[in-house]
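Residue numbers start from 1 in every chain, and the chains themselves are labelled A, B, ... in the order their sequence lines are given, proteins ahead of strands. Quick caveat: nothing in here was measured; it's all calculated off a predicted structure.
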Number of protein chains: 2
Amino acid sequence: MTDQEGTRRPKYQRIADELRTAIQSGDFAPGDRLPGENDLMSTYEVARMTARQALAVLRGEGLTEARKGAGVFVRAFRPLRRRGVPRLAGEGWGGGRSVWAAEIEDRALVVDQVTVAEEEAGPRIAQALNLAPHDTVCVRSRRFVLDDRPVLLSVSYLAADLVRGTAITRPDTGPGGTYARLAELGHRPVRFREELRCRMPTADETGRLTLPPGTPVVLIGRTAFTEPGRPVELNEMTLDASSYILEYDFDA
Amino acid sequence: MTDQEGTRRPKYQRIADELRTAIQSGDFAPGDRLPGENDLMSTYEVARMTARQALAVLRGEGLTEARKGAGVFVRAFRPLRRRGVPRLAGEGWGGGRSVWAAEIEDRALVVDQVTVAEEEAGPRIAQALNLAPHDTVCVRSRRFVLDDRPVLLSVSYLAADLVRGTAITRPDTGPGGTYARLAELGHRPVRFREELRCRMPTADETGRLTLPPGTPVVLIGRTAFTEPGRPVELNEMTLDASSYILEYDFDA
DNA sequence: TAGTGGTCTAGACCACTAA
DNA sequence: TAGTGGTCTAGACCACTAA
């Protein structure tokens with residue numbers, strides 16, 4: 001098994017394959033410690049860098065997590081459920097029949113790193129909000145932390161002229177949040193568009209979300225409209241992909 | 001700059017930082033060739049493995065792509081747009097005001113790797129379709145290729161009893177596809193639920209989608225319902241995340 | 001204090017690409 | 001054929017963890 005030489009598959013790949021199979025067959029459960037660098041070096045008679053390369057494959061797949069000084073461990077996947085259409089979802093249509101098993105969590109969310117500022121819109125935000133690039137926007141930035149684990153970054157943009165002097169420019173927007181305040185101003189959002197992308201995180205995102213290697217982020221850009229062609233808010237969210245299942249319901 | 005020693009940041013990270021900055025500032029445009037291993041070894045006076053580690057950081061972020069024997073190149077991101085709610089989207093609500101710039105492509109999709117088979121449902125599929133685990137399902141598997149580039153894998157599950165003897169069990173389901181045939185059978189889907197996840201690909205997915213390293217996949221599980229609690233089809237899709245922007249529209 | 005993962009060196013040989 | 005990225009070795013020192 002160790003050195004059949006019949007295949008061209010590199011050593012580090014074969015080692016990674018064996019470990020992956022062992023994880024997926026349940027030989028190693030989530031949280032379990034895997035054979036470390038030194039174990040692999042003696043078991044497979046390879047150099048340290050080769051053993052590391054094998055472990056890097058699994059880490060890159062999001063299957064494992066290395067803790068310095070302690071070892072390499074199997075990661076767990078226990079996602080949150082985010083409903084894109086809260087008022088329509090879960091009304092008997094699926095009867096709890098999730099495609100992917102997921103515990104619906106009722107744990108309390110803590111919001112931190114709250115900032116509110118006025119900035120120049122810039123071309124991208126201006127385009128999304130039907131403004132001119134040099135117009136000023138109110139920028140609300142927040143981080144959501146669940147059980148000490150950061151799971152979501154949110155940055156919201158609104159035309160500064162629209163919200164100046166209202167609770168929307170304060171860290172706490174009051175009951176019902178930004179959308180309730182917009183409604184009071186006569187700009188109730190009646191329609192939403194969400195655009196989703198998925199990619200590997202930047203260094204900054206990795207830091208603020210404390211992401212382990214091999215974890216992608218989901219970017220959601222949600223635009224709120226008061227009527228066709230009239231966007232009032234753009235909310236750009238960055239999610240730890242391993243923490244979320246996103247759900248959307250719609251009619252044919 | 002090379003060896004300030006004031007910071008604890010590892011050499012390979014500092015090298016990666018400099019290259020990343022150069023890419024993002026436009027010094028290297030998409031498709032451009034970056035300094036390779038040998039360049040970095042002499043420029044920064046490091047060993048090959050250290051230069052490789054720096055390049056691996058950028059590759060892991062999906063920013064670059066290595067071509068054996070040729071060099072390391074900056075990758076492009078030109079996503080497709082997938083509308084979750086085709087009939088409602090783009091009707092003046094946004095007026096083409098995409099959050100992320102994206103060319104809407106009209107290129108022809110080629111479908112290959114088509115297989116149709118009957119299998120035992122198993123617990124997960126049975127749960128999604130309101131069946132018993134040992135019930136038989138019709139499994140339709142396909143791959144979508146756009147301009148020679150595979151972008152999506154699709155596997156569709158339907159109760160075998162429901163579709164036996166119909167065009168749904170043939171590779172070509174005819175005009176209107178599976179949903180048109182279901183309608184003819186008196187099981188027209190009237191509602192859909194999509195569940196999205198994002199993670200790093202498996203080896204099999206990497207192969208079938210020819211994914212470069214550092215590219216996540218998006219998993220979409222779409223359930224079609226004829227009435228509350230009555231699912232008729234589960235379609236599990238695997239998308240090359242770098243090829244897609246996903247869009248959903250809904251009312252407040 | 002023993003063991004762990006993280007970083008790094010200075011070499012080597014290989015298959016592949018492009019001139 | 002010269003250069004490239006991919007694989008691999010056999011060492012070394014470090015900060016960190018856990019007993």
Report the nucleotide, chosen from dT9(C), dT7(C), dG5(C), that has the shortest atom-to-atom distance to any side-chain atom of Q53(B). dT7(C)

Please tell me which of the listed nucleotides, dG5(C), dT4(D), dG5(D), lies nearest to the side chain of V72(A)? dG5(C)

Given atom [atom1] of [X] and atom [atom2] of [N], what is their separation to the nearest angstrom?
X      : N      : atom1 : atom2 : answer
M41(A) : dG5(C) : CE    : P     : 11 Å
L40(A) : dG3(C) : CG    : C1'   : 15 Å
E37(A) : dC8(C) : CD    : P     : 14 Å
F73(B) : dT4(D) : CZ    : P     : 11 Å
R52(A) : dT4(C) : CZ    : C1'   : 11 Å
N38(B) : dT7(D) : CG    : P     : 16 Å
Y44(A) : dC8(D) : OH    : C1'   : 17 Å
R14(B) : dG6(C) : CZ    : P     : 19 Å

Sugar-phosphate only, base, or nothing, as touched by Q13(A) at under 4.0 Å among non-hydrogen atoms: nothing

Can you pull the salt bridge (Lys or Arg N to Asp or Glu O under 4.0 Å) pairs that have at least one residue in residues 48-66 of chain A, sequence neighbours excluded? R20(A)-E61(A), E37(A)-R48(A), E37(A)-R52(A)

So the salt bridge (Lys or Arg N to Asp or Glu O under 4.0 Å) pairs with at least one residue in residues 204-218 of chain A (sequence neighbours excluded) are R199(A)-E205(A)

Who passes salt bridge (charged side-chain N to carboxylate O under 4.0 Å, His left out) against D112(B), sequence neighbours left out? R143(B)

Can you list everything that forms a salt bridge (charged side-chain N to carboxylate O under 4.0 Å, His left out) with E118(B)? Sequence neighbours excluded, please. R164(B)

F192(A): partners by ring pair (Phe, Tyr, Trp, His ring centres under 6.0 Å), with sequence neighbours left out: Y179(A), F250(B)

Please give me the minimum heavy-atom distance between C198(A) and V218(B), naming the atom from each residue. CB-CG2, 3.9 Å

Phosphate oxygens OP1/OP2 of dT9(D): is one of them under 4.0 Å from a side-chain N or O of T50(A)? yes

N/O (side chain, Y12(B)) to phosphate O (OP1/OP2, dT7(C)) under 4.0 Å: yes

Under 4.0 Å protein heavy-atom contacts per nucleotide of nucleotides 13-19 of chain C, with B for base, S for backbone only and - for none: ---BB--

Residue pair M49(B)/P35(B) against DNA chain D: nearer the 5' end by closest nucleotide is P35(B)

Side chain to side chain donor-acceptor pair (under 3.5 Å) involving T173(A) - partner list, sequence neighbours excluded: none

Watson-Crick or G-U pairs under 3.5 Å in DNA chain D, rendered as dot-bracket with [ ] for crossing pairs and | for another strand: ||||||||||||||||||.

Using only atom types and a distance under 3.5 Å, with no angle test, would you say the side chain of R14(B) pairs donor to acceptor with the backbone of R9(B)? yes

What residues, two or more places apart in sequence or in another chain, satisfy side chain to side chain contact (heavy atoms under 4.5 Å, CB included) together with T169(B)? C138(B), V163(B)

